[in-house]
Structure formats: structure tokens, C-alpha cells
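Note that this is a predicted model, so its numbers are computed, not measured.
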Amino acid sequence: MDWIQALILGLVQGLTEYLPVSSSGHLTIGQELLGVSGEDNLTFDVVVHVATVMSTLVVLWSEVVWLLKGFFKFEMNDEMRYMLNIIISMIPVGIVGVFFKDQVEAIFGSGLLVVGIMLLVTATLLIFTYFARPRQKEKISMRDAFIIGVAQACAVLPGLSRSGSTIATGLLLGNKKEKLAQFSFLMVIPPILGEALLDVVKAVKGEAVFGGIGTIPLLVGFLAAFLSGCFACKWMINIVKRGKLVYFGIYCAIVGVIAIVYSLM
């Protein structure tokens, strides 16, 4: 992988991690189109995913500080309840990530056909939220946090958008748009870091191989993912507030069909 390919893929990761169009699916498509495959992918994927976590921390820094200050008061305040909701949302993806991720990937694979099909599922979910009008709730409950976490766990499949699944599920449950995007982005920080850590552990144990990608491409990819992630995170929060997810649903449907047709050629 050269630095130009790393730049393109870093931008793809940073933008699509927050937009409800599946970063894993677009990375797979990008790697196929650029002819980048093999051992380099694991190293690069870990680096750019960590970069998007860093961008989340930067954009939502005031919220992170608010949560931590409230949490370390060790009393049942609003901040503690919010943190508990995040922890509850992590349970399903934690179970899938630790015990079933390899099996899921072995069964479904990660090729363009799977990506295309899952993009169509993402499109269906996003478009459906446009027409659904559930009763609005003031706060995200623990029950809703768990269900949103289940949606996140399902998004281990490439092409099924993590942000799209969690935000759409939250909207269908009746949670307010203003609070949902922030919760969706904060709840993915621990799983992404945990997934990156698991990949590193696998590499140390010899169960996975990190490729010999150079320092410059990794640095370029990290910076591209970080900077574009900062932009996409801010943009997506405003988009969710305005309820414009249906357009991403249409986009996912078009890209999904193209991916399926391309995989069958």
C-alpha cells in the first residue's frame, strides 16, 4: 500500500465511520477497487479505526469531560445513568466480538456480495425510519440502550452500518434525534478500541498477521481518517437533528446494487 492509497482509504474510513453508510463496507469496496489486499489490510484497519475514535473524543470532548466528572462523583446522577447506558449498550457487541466475531466472518465472509446485501439492509432500515413516527421519549432508557447495543452487535457484518443501525434503531424506539447521535457516537468508542486491542492480541499470539505496511502510509491514513472523521462527526450530528437519513438510505441502496452486480461479473 502506498501513501496515495492510504490517503484515499483513510478519507473513506473517516467519512463513513459516522455517516450511516458502513465504513467497513466502503473500506472493502475501496480496497477492491485499489487492488489493496492481504496482510496490509489488518494493520491499516486497526490504525484508521483508532483514528476515528480520536476524532470522536475531539468533537465530543465537552460531553466526555462532563460524563467523567459526573461518574467520579460516585453517585446516581445524570452522568452516571448515561455511563450505565453506554456500558449496557456494550454488552451485546462485547459478547459477539469476543466469542462469535470469527464465526460470523467465516459464515458470511467479507466480499463485495455480502457488502452489497448488507448495504441494502442498511438502506431499508434508514428509509423505514423516515416513515415511522413513534412517540418521542425524553431520555434513553436502559432497555433502549441494550436494544441499540444489539443493533450495534449486528453491525459486525461488513456493509451493515454501525451508526446507521444504532441511530435508526434508537429513532424507531422513539428516542429524540437531538440526543441520539451523540449517544450513538459515544457508545462506539469502547467497542472500536476493544476490537483494535483484540486484533493486536491475535497478532501477538500468532493468530493474525500484521503486514509490512510502511510508516508513511500508516501516518497518512491515520491523519486522513482523523481529520475527515472530525468533519463527518460534526456533520452527522446536524444531519440527524434535521432528520435527513433517508437520503443516505437511497445512497446505500444504489451502492449496494452496484456492489452486488460488480461481485457477480
Side-chain angles (χ1 to χ4, degrees), residues 14 17-20 23 49-98 125-126 129 132 134-156 160-198 226 229-245:
E17 180 64 44
Y18 300 101
L19 302 183
S23 61
H49 274 87
V50 171
T52 50
V53 168
M54 296 300 103
S55 65
T56 306
L57 293 175
V58 169
V59 174
L60 299 177
W61 180 248
S62 59
E63 288 81 2
V64 172
V65 172
W66 170 73
L67 287 174
L68 292 176
K69 284 183 177 179
F71 179 79
F72 286 109
K73 290 179 181 177
F74 299 108
E75 59 184 46
M76 190 52 69
N77 48 31
D78 288 341
E79 298 93 321
M80 180 66 79
R81 292 187 182 90
Y82 201 103
M83 290 286 283
L84 286 175
N85 279 346
I86 290 178
I87 293 171
I88 290 170
S89 74
M90 290 165 50
I91 295 173
V93 73
I95 293 172
V96 172
V98 174
L125 188 59
L126 293 174
T129 60
R135 184 177 178 180
Q136 294 288 293
K137 304 175 184 177
E138 288 300 320
K139 294 183 178 180
I140 299 173
S141 66
M142 291 185 178
R143 167 184 166 274
D144 287 0
F146 182 79
I147 296 174
I148 294 170
V150 171
Q152 178 177 227
C154 293
V156 298
L160 189 56
S161 169
R162 190 195 309 258
S163 62
S165 299
T166 55
I167 292 173
T169 300
L171 289 175
L172 292 174
L173 291 171
N175 293 287
K176 289 189 174 181
K177 296 178 290 186
E178 294 80 4
K179 300 177 180 179
L180 194 54
Q182 175 182 301
F183 180 76
S184 175
F185 295 154
L186 288 173
M187 68 180 277
V188 305
I189 294 176
I192 290 177
L193 290 177
E195 186 176 357
L197 180 61
L198 282 176
F226 174 77
C230 289
F231 166 76
C233 185
K234 290 182 178 180
W235 187 33
M236 187 60 194
I237 290 174
N238 292 327
I239 288 174
V240 173
K241 289 179 180 179
R242 295 197 299 267
K244 302 294 184 180
L245 296 180

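- With sequence neighbours excluded, the residues that form a ring pair (Phe, Tyr, Trp, His ring centres under 6.0 Å) with F183 are Y82.
- Of all heavy-atom pairs spanning L84 and M76, the tightest one is CD1-CE, 3.7 Å.
- One N or O on the side chain of T129 and one on the backbone of L126 form a donor-acceptor pair closer than 3.5 Å.
- Around atom NZ of K69, no more than 12 heavy atoms belonging to other residues, nucleotides or ligands sit under 6.0 Å away.
- Annotation: the span from F185 atom CZ to S55 atom OG amounts to 9.5 Å, rounded to 0.5 Å.
- Rounded to the nearest 0.5 angstrom, I148 CD1 and R143 CZ are separated by 10.0 Å.
- Here the closest heavy-atom approach between residue S89 and residue Q152 is recorded as O-NE2, 3.9 Å.
- Using a 4.5 Å cut-off on side-chain heavy atoms (C-beta onward), L60 and I237 make contact.
- No side-chain donor from either of Y18 and T52 sits under 3.5 Å from a side-chain acceptor of the other.
- Legend: residues meeting side-chain hydrogen bond (donor to acceptor under 3.5 Å, both in side chains) with S23, ordered by chain and number and at least two apart, are E17.
- Counting only heavy atoms from C-beta outward, the side chains of S163 and V188 never approach each other to under 4.5 Å.
- N85 places a side-chain N or O within donor-acceptor distance of the main-chain N or O of I140, the cut-off being under 3.5 Å.
- How far CD1 of I147 is from OG1 of T166: 13.5 Å, rounded to the nearest 0.5 Å.
- With hydrogens and angles ignored, the 3.5 Å screen pairs no side-chain donor or acceptor of N175 with any backbone N or O of L180.
- One finds the CG atom of L125 at 7.5 Å from the CG atom of L160 (value rounded to the nearest 0.5 Å).
- The shortest non-hydrogen separation linking L186 to E63 is CD1-CB, 4.5 Å.
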Given K139 and D78, is the salt bridge (charged side-chain N to carboxylate O under 4.0 Å, His left out) satisfied, shown in steps? CA-CA 10 Å; K139 294 183 178 180; D78 288 341; 3.8 Å; yes

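- Residues N77 and G70 approach most closely at ND2-O, 3.2 Å, considering heavy atoms.
- Going from atom CD of E79 over to atom CG of L67 covers 7.0 Å, rounded to the nearest 0.5 Å.
- Atoms CE and CZ, on M187 and R162 in that order, are 9.0 Å from each other to the nearest 0.5 Å.
- The shortest distance between side-chain heavy atoms of L245 and L171 falls below 4.5 Å.
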